[in-house]
Amino acid sequence: MLNKIFYSGDSSRIIFFVLVISLLPLNINGQQFKIDSIRLKSNLLFLADDSMKGRAPGTQEDSISAAFIANQLRDYGFVPLIGNSILIPFTFTIHREVVFGSTFRTLGRDLKVGVDFRIHPISPNVQVEGEIMVMDFGDLKRLSANPSAIESSPMKKVFDGKLLLVKVPYDSIQFYTTPVSLLGFKALLFYSSEASSISDKSRSSGVSIPVIWISDSLAEVFLNEKNLFCEIAGKINVVRARSYNIAAVKPGIDNRYIMAGAHYDHLGNGGEGSGSMLRSGEGIHNGADDNASGVVSVLESGRVLSELFNKKWSGNKGNYGVAIAAFGAEERGLIGSKVLADTLLALNKLPSLMLNLDMVGRMKENKLQTGGAGTFKGADSLIRKVNENFNFQLTVTNDGFGPSDHSSFYNKGVPVLYFTTGVHKEYHTPDDDAKLINFKGLTMVTEYLTSIISEIIESRFEPEYIKSMAPASDTRRSFKVTLGLIPDFTYEKGDGFRVGSVTDGRPAQIAGMKEGDIIINMNSKKINNIYDYMTALGELKQGSKTQVVIKRDLQEIILQIEL
Ligand SMILES: [Zn+2]
């Protein structure tokens, strides 16, 4: 299927290509197109000018940038991809702030906000009460690796409705909020000496359960007196703003289309929580490479492709359309592209392929990195074959996930390709300026992008999605097997895990396990407590055999369990 894509049976044309590439504008199947490098440059100078103040999402300059991009696409003959406007607004959270007056009551007294406790601004509004349950961080990490396992487990009853207290490093607290809520807890209380000065304001996105920092001395109280009852309340003010996606299409015959996209936002003045690499102070982060370069490249590619549509492809039945997209609020966590991908999915209008450009303006030694080669069949041959006309030193990786907007689309089942000339020492600093852009390289990347898209259109290549593993942080194993036993939750000696009861006809009972047995080893792993047991259980497969060592009346017995 692949071989058909490229000039098959017409090797003379390839030779022609190689000979004249440096003399003539790029020639695709006899149709000339020329990238306008002056336009590329003037567009980039506009977006990366100091007057655009770093294009921070939600600012006036953000709106100006979005309108500037949308207007050009309109001029090139593109029409709205969705609804009746190329410019699609969305709202997002600028920051979250704890409103004055949080309360925390335990042991009949009111604790002092800022001294004994602080509500973390990533929390939703807080109105919780319940008993504190203390857990070791190591145990939480183990349970977090497999939180859905708890749903079918009797452990859920123990956790349900309690407030979890754990010592967690401050900067990783948000990663535990989802697992902790899946485990059944109503709130996450943490202590961590470096967090005593946590701010009441945060640019991070919100989480589903209240997160409350408490002082070491208050933690001491909870560690000494088990199951203390608390009531905690507080209000969070969520400040939202408007940004935009730009999505325009040159339609094909049917609804299918290829999308080329790039985020247009950047870090504004930088500052705390912005993603700036500046250690201190602020300054306009122009983001000439990140990602004015990608935006001007997809815009120019759109202009050229639109001309090809008009001169060559109109009425060519079965051809794809081409969409050009620019995403807002990427630097705030791929917000714009997620919104757009969600919308397109809901409308059953996702692209057949999404090509993402992020930081393509700093080409050095002819090097170009491409990602996503593992996301559809024939990707690797496609990018390498088109590269024969360019001779970039390609680094090709397979991953369709990554810290840019293609991730949002790959997540929804869309094949993706990702292009970048890589990070540099001006990355996310006020020095990412237009004067450092390699415009010749940027022009070449734009030609390359345009050639790949024309190639797909002319050959009617159909990118066939390949699913791959989500990144480890999104992976959740679920329990495929259970032994048919109920743990004894009162057993806390730490030398094993006591069986509360066994269910008739299930693997544990069939193997001869009895109430009161203490499991000390399973699947060749030492079991000290219920968490160890759950971890070991999570590693077993349906239909497998395993050895369980139990202690019964001071005797050690080995049981063979068939799952
Ligand atoms: Zn960036």
Side-chain angles (χ1 to χ4, degrees), residues 43-44 47-50 52-59 61-62 65-66 69 92-94 203-205 241 243-246 260-279 282-299 325-341 354-364 368-372 397 399 401-410 416-438 441-442 445 471:
N43 281 346
L44 188 138
L47 290 171
D49 192 81
D50 278 353
M52 297 309 285
K53 298 182 185 162
R55 308 184 303 279
T59 61
E61 292 75 20
D62 182 60
S65 309
I69 297 161
F92 71 100
T93 300
I94 285 263
R203 297 208 214 188
S204 303
S205 47
S243 184
Y244 300 88
N245 284 315
I246 294 102
H263 78 87
Y264 73 88
D265 65 302
H266 199 51
L267 310 179
N269 269 321
E272 210 200 324
S274 69
S276 172
M277 306 293 273
L278 260 198
R279 285 281 170 104
E282 298 194 345
I284 300 175
H285 289 56
N286 286 314
D289 186 32
D290 185 6
N291 184 28
S293 68
V295 172
V296 301
S297 185
V298 297
L299 270 182
F327 311 109
E330 186 264 3
E331 303 284 11
R332 301 296 302 268
L334 314 183
I335 295 172
S337 58
K338 277 180 195 159
V339 169
L340 185 61
M354 191 272 179
L355 302 106
N356 181 34
L357 272 64
D358 198 352
M359 299 174 65
V360 289
R362 297 287 294 271
M363 183 170 284
K364 256 170 101 179
L368 182 63
Q369 300 169 26
T370 68
T397 52
D399 199 2
F401 295 103
S404 189
D405 299 300
H406 54 286
S407 236
S408 308
F409 287 84
Y410 186 55
V416 295
L417 286 175
Y418 165 54
F419 301 92
T420 181
T421 48
V423 290
H424 38 74
K425 73 176 181 10
E426 292 78 23
Y427 169 74
H428 281 202
T429 73
D431 298 326
D432 177 4
D433 286 332
K435 65 173 189 284
L436 295 173
I437 295 296
N438 174 353
L442 182 58
V445 171

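Residue numbers count from 1 along this sequence. First listed ligand is number 1; within each ligand, the first listed atom is number 1. Note that the structure is a prediction, hence the values are computed from the model and not measured.
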If I consider every N, O or S atom in [X], which one ends up closest to the Zn ion (ligand 1)? I only need its name.
X      : answer
Asp290 : OD2
Glu331 : OE2
His428 : NE2

Drop me the distance from Met277's CE to Asp431's CG, to the nearest 0.5 angstrom. 12.5 Å

Side chain Arg55, main chain Ser65, donor-acceptor under 3.5 Å: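 No: the side chain of Arg55 does not pair with the backbone of Ser65.
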
Could Glu61 and Lys53 be called an ion pair, given the rule that one side-chain N must be under 4.0 Å from one carboxylate O? yes

Would you check if there is a donor-acceptor pair between the side chains of Tyr410 and Asp399 at a distance under 3.5 Å?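 No, no side-chain donor-acceptor pair sits under 3.5 Å.
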
